[in-house]
Amino acid sequence: MAGHLSVSMHRWNQRSLDRQTRLLERFGLPIQLAGDAAKAIAGDRMIDAMMHDKKNAYGQLRLILPSRIGAVETVSGVSSEIVRDAIAACTVISD
């Protein structure tokens with residue numbers, strides 16, 4: 001999700017995200033939130049939980065986002081709408 005968010009904010013490129021995704025898949029790590037976990041935190045529930053993170057300041061989200069393979073940055077003032085879109089892009093909810 002952080003990779004998708006970083007690409008949507010033009011802080012990272014799609015090629016690097018695709019490379020990261022392939023690496024995660026190769027090691028059998030999850031690249032999507034699915035099943036019961038997805039149902040449990042669907043919609044704004046994840047953002048509500050994120051608002052309680054100790055990195056946040058003055059009611060604004062502060063996230064750790066990739067800037068290149070192997071490097072991250074702390075990004076402040078990320079809008080909940082962009083976060084919501086990144087969550088949706090990486091979440092599979094089946095009935």
Q: Check whether any side-chain heavy atom of Val83 sits under 4.5 Å from a side-chain heavy atom of Met1, and report yes or no.
A: no

Q | Nearest non-hydrogen partners of Met51 and Gly59, listed with the distance | A | CE-O, 3.0 Å

Q) Can you hop from Val7 to Leu65 via hydrophobic side chains spaced under 4.5 Å? A) no

Q. Can you tell me how far the CG atom of Leu5 sits from the CG atom of Asp85, to the nearest 0.5 Å?
A. 9.0 Å

Q) Taking all atoms of both residues into account, what is the closest heavy-atom pair of Pro66 and Ala2, and its distance? A) CD-O, 3.7 Å

**Q.** Taking every non-hydrogen atom, the tightest pair across Ser6 and Trp12
**A.** OG-CB, 3.3 Å

Q | Interatomic spacing from CE in Met9 to CD1 in Ile82 - rounded to 0.5 Å | A | 5.5 Å

Q | Separation between CD of Gln32 and SG of Cys90, rounded to the nearest 0.5 Å | A | 7.0 Å

Q: Could you tell me the separation between the CG atom of Leu29 and the OG1 atom of Thr21, rounded to the nearest 0.5 Å?
A: 11.5 Å

Q: Kindly compute the distance separating NE2 (His4) from CD1 (Ile31), expressed to the nearest 0.5 Å.
A: 7.5 Å

Q. Is there a donor-acceptor contact under 3.5 Å from the side chain of Asn56 to the main chain of Met50?
A. yes

Q. Does Arg84 come within less than 4.0 Å of Glu81, counting only side-chain N to carboxylate O?
A. yes

Q | Test side-chain contact (heavy atoms from CB on, under 4.5 Å) applied to Arg62 and Ser76, step by step | A | CA-CA 4 Å; Arg62 289 181 59 192; Ser76 299; 3.4 Å; yes

Q) Which atoms form the tightest heavy-atom contact between Gly77 and Gln60, and what is the distance? A) CA-OE1, 3.4 Å

Q.
In the structure I gave you, are the side-chain heavy atoms of Leu33 and Met46 within less than 4.5 Å of one another anywhere?
A. yes

Q) Under a single-linkage definition using a 4.5 Å side-chain heavy-atom cutoff for Ile, Leu, Val, Met, Phe, Trp and Tyr, are Ile69 and Leu17 assigned to the same hydrophobic cluster? A) yes

Q. Would a distance-only check, ignoring hydrogens and angles, find a side-chain to backbone donor-acceptor pair under 3.5 Å from Ser16 to Arg68?
A. no

Q.
What's the separation between atom CZ in Arg45 and atom CG in Asp48, rounded to the nearest 0.5 Å?
A. 9.0 Å

